[in-house]
Asks: 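Would you mind keeping the following structure in view while I ask a few things?
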Amino acid sequence: MTQNRTVLLAGESWSTTSVHTKGFDTFYTSAYEEGAWPFIRALESRGWAVDFQPNHVASLDFPYTAEELDKYDVVVLSDIGANTLLLTQSVFTQGKPAPSNRLRVLADWVREGGALLMVGGYLSFQGIEAKANYRSTPLAEVLPVLMEVGDDREEIPEGVRPLSSGEHDVTAGLAGEWPAILGYQRFAAREGAEVVATAGDHPLVVVGEAGEGRVAAVATDMGPHWLPSEFIEWDGYAQLWDQLIEWLADSGTREQA
């Protein structure tokens, strides 16, 4: 694979609407937030370019073809539910077919030598109330993990310290305990995949292959709330993401456009 050191990150944004009632009067406020910036800054500090598509942008602009995906070394999905990529405006509001099933295109692209990372969150893997719902999509066939049927969150408000042997390229130099995390997704490693870090008795970082491509799953967030500031400020934070993306980008023989 010819690297251009470019990553596509989709997800990691949300809006909130609040209702304020003060006696007789009620009013509403709204806010928009993005949770990707610690991850983006970490990769940019290591020489990667990141094309960030927040959820509302990804719903429109996420690639429909392998040729569009070929611009990237690695595709990262983080806190973006399957519906955002499946229910396009033409499908949901007009009842018109989409140009393609973007999750199937992505899965096929991986098998042909692409690279995919899914990072945990309330709308990753199965997610809160299973609303992320990736278990029933084509991506489930290429991810290196087996997802649960329902809500797969493991909330650890007291914190748990991940552990790695540091023996894989992804975790080289990061042996031992890491700063505590506050939650993660429960899943099992697929046969042939490798668990390179754990949280308690559960896999935390799993890597593997799908056809000619490479895949990885990180069970926890790339930022708050499951990652407290101590983890984000840890010297190993940028090193971990850089080494993981570097390993993924080494997949297959696909020539970049």
Asks: For atom CD of Q94, decide whether the heavy atoms of other residues, nucleotides or ligands shown that lie under 6.0 angstrom number more than 12.
Replies: yes

Asks: Can you find a pair of side-chain heavy atoms, one from F62 and one from V75, that are under 4.5 Å apart?
Replies: yes

Asks: With a 4.5 Å cut-off on side-chain heavy atoms, are W247 and H168 touching?
Replies: yes

Asks: How long is the gap from CG on L60 to OG1 on T84, to the nearest 0.5 Å?
Replies: 10.5 Å

Asks: Going by the angle between their ring planes, with limits at 30° and 60°, are H202 and Y184 parallel, tilted or perpendicular?
Replies: tilted

Asks: Is the shortest side-chain heavy-atom distance between T137 and L85 below 4.5 Å?
Replies: no

Asks: Counting only N and O atoms by type, is there a donor-acceptor contact under 3.5 Å from the side chain of T171 to the main-chain atoms of L174?
Replies: no

Asks: If you draw a 6.0 Å radius around CZ in F27, do more than 12 non-hydrogen atoms from other residues or ligands fall strictly inside?
Replies: yes

Asks: Could you tell me whether the side chain of I245 reaches within less than 4.5 Å of the side chain of V76, counting heavy atoms only?
Replies: yes

Asks: Under 4.5 Å between any side-chain heavy atoms of T88 and Y64, yes or no?
Replies: yes

Asks: Can you find a pair of side-chain heavy atoms, one from I232 and one from P224, that are under 4.5 Å apart?
Replies: yes

Asks: Write down the atom of L117, the atom of A217, and the distance for their closest heavy-atom approach.
Replies: CD1-N, 4.3 Å

Asks: Measure the shortest side-chain to side-chain distance between V110 and L139 over non-hydrogen atoms and say whether it is less than 4.5 angstrom.
Replies: no

Asks: For the CG atom of L8 and the CG atom of L69, what is their distance to the nearest 0.5 Å?
Replies: 7.5 Å

Asks: Does L87 sit in a hydrophobic cluster with other residues, and if so which ones, taking ILVMFWY side chains as linked at heavy-atom separations under 4.5 Å, directly or through other members?
Replies: V91, F92

Asks: Are F187 and L182 co-members of a hydrophobic cluster defined by side-chain heavy atoms under 4.5 Å apart?
Replies: no

Asks: Mind checking whether L9 and M222 have side chains closer than 4.5 Å, heavy atoms only?
Replies: yes

Asks: Got a second to check how far E230's CD is from I181's CD1, nearest 0.5 Å?
Replies: 13.0 Å

Asks: For D51 and K71, what are the C-alpha separation, side-chain angles and deciding distance, and is it a side chain to side chain contact (heavy atoms under 4.5 Å, CB included)?
Replies: CA-CA 10 Å; D51 184 355; K71 295 187 296 184; 5.6 Å; no

Asks: Tell me which donor-acceptor pairs under 3.5 Å the side chains of residues 143-155 have, and how far apart each pair is, sequence neighbours excluded?
Replies:
| residue | atom | partner | partner atom | Å |
| --- | --- | --- | --- | --- |
| E148 | OE1 | R186 | NE | 3.3 |
| E148 | OE1 | R186 | NH2 | 3.0 |
| E148 | OE2 | R186 | NE | 3.0 |
| D151 | OD1 | R153 | N | 3.1 |
| D151 | OD1 | R153 | NE | 3.0 |
| D151 | OD2 | E129 | N | 2.8 |
| D151 | OD2 | R153 | NE | 3.3 |
| D151 | OD2 | R153 | NH2 | 2.8 |
| D152 | OD1 | G127 | N | 2.9 |
| D152 | OD1 | Q185 | NE2 | 3.3 |
| D152 | OD2 | Q126 | N | 3.0 |
| R153 | NH1 | Y122 | OH | 3.2 |
| R153 | NH1 | E155 | OE2 | 3.2 |
| E154 | OE1 | R186 | NH1 | 2.8 |
| E155 | OE1 | W226 | NE1 | 3.0 |
| E155 | OE2 | Y122 | OH | 2.4 |

Asks: In terms of side-chain heavy atoms, does D242 have a donor or acceptor partner in W48 at a distance below 3.5 Å?
Replies: yes

Asks: For E33, look at atom CD and say whether over 12 heavy atoms of other residues, nucleotides or ligands are found less than 6.0 Å away.
Replies: yes

Asks: Are N4 and D73 close enough, and set up right, to give a side chain to side chain contact (heavy atoms under 4.5 Å, CB included), and what steps lead you there?
Replies: CA-CA 7 Å; N4 57 20; D73 294 292; 2.6 Å; yes

Asks: Under a 4.5 Å side-chain heavy-atom rule over Ile, Leu, Val, Met, Phe, Trp and Tyr, are L244 and F39 clustered together?
Replies: yes

Asks: Cation over ring, R46 on W241, under 6.0 Å and within 45°?
Replies: no

Asks: Taking everything shown except E44 itself, do over 12 heavy atoms lie less than 6.0 Å from its CD?
Replies: yes

Asks: Out of curiosity, T17 OG1 to Y32 OH, how far, rounded to the nearest 0.5 Å?
Replies: 14.0 Å

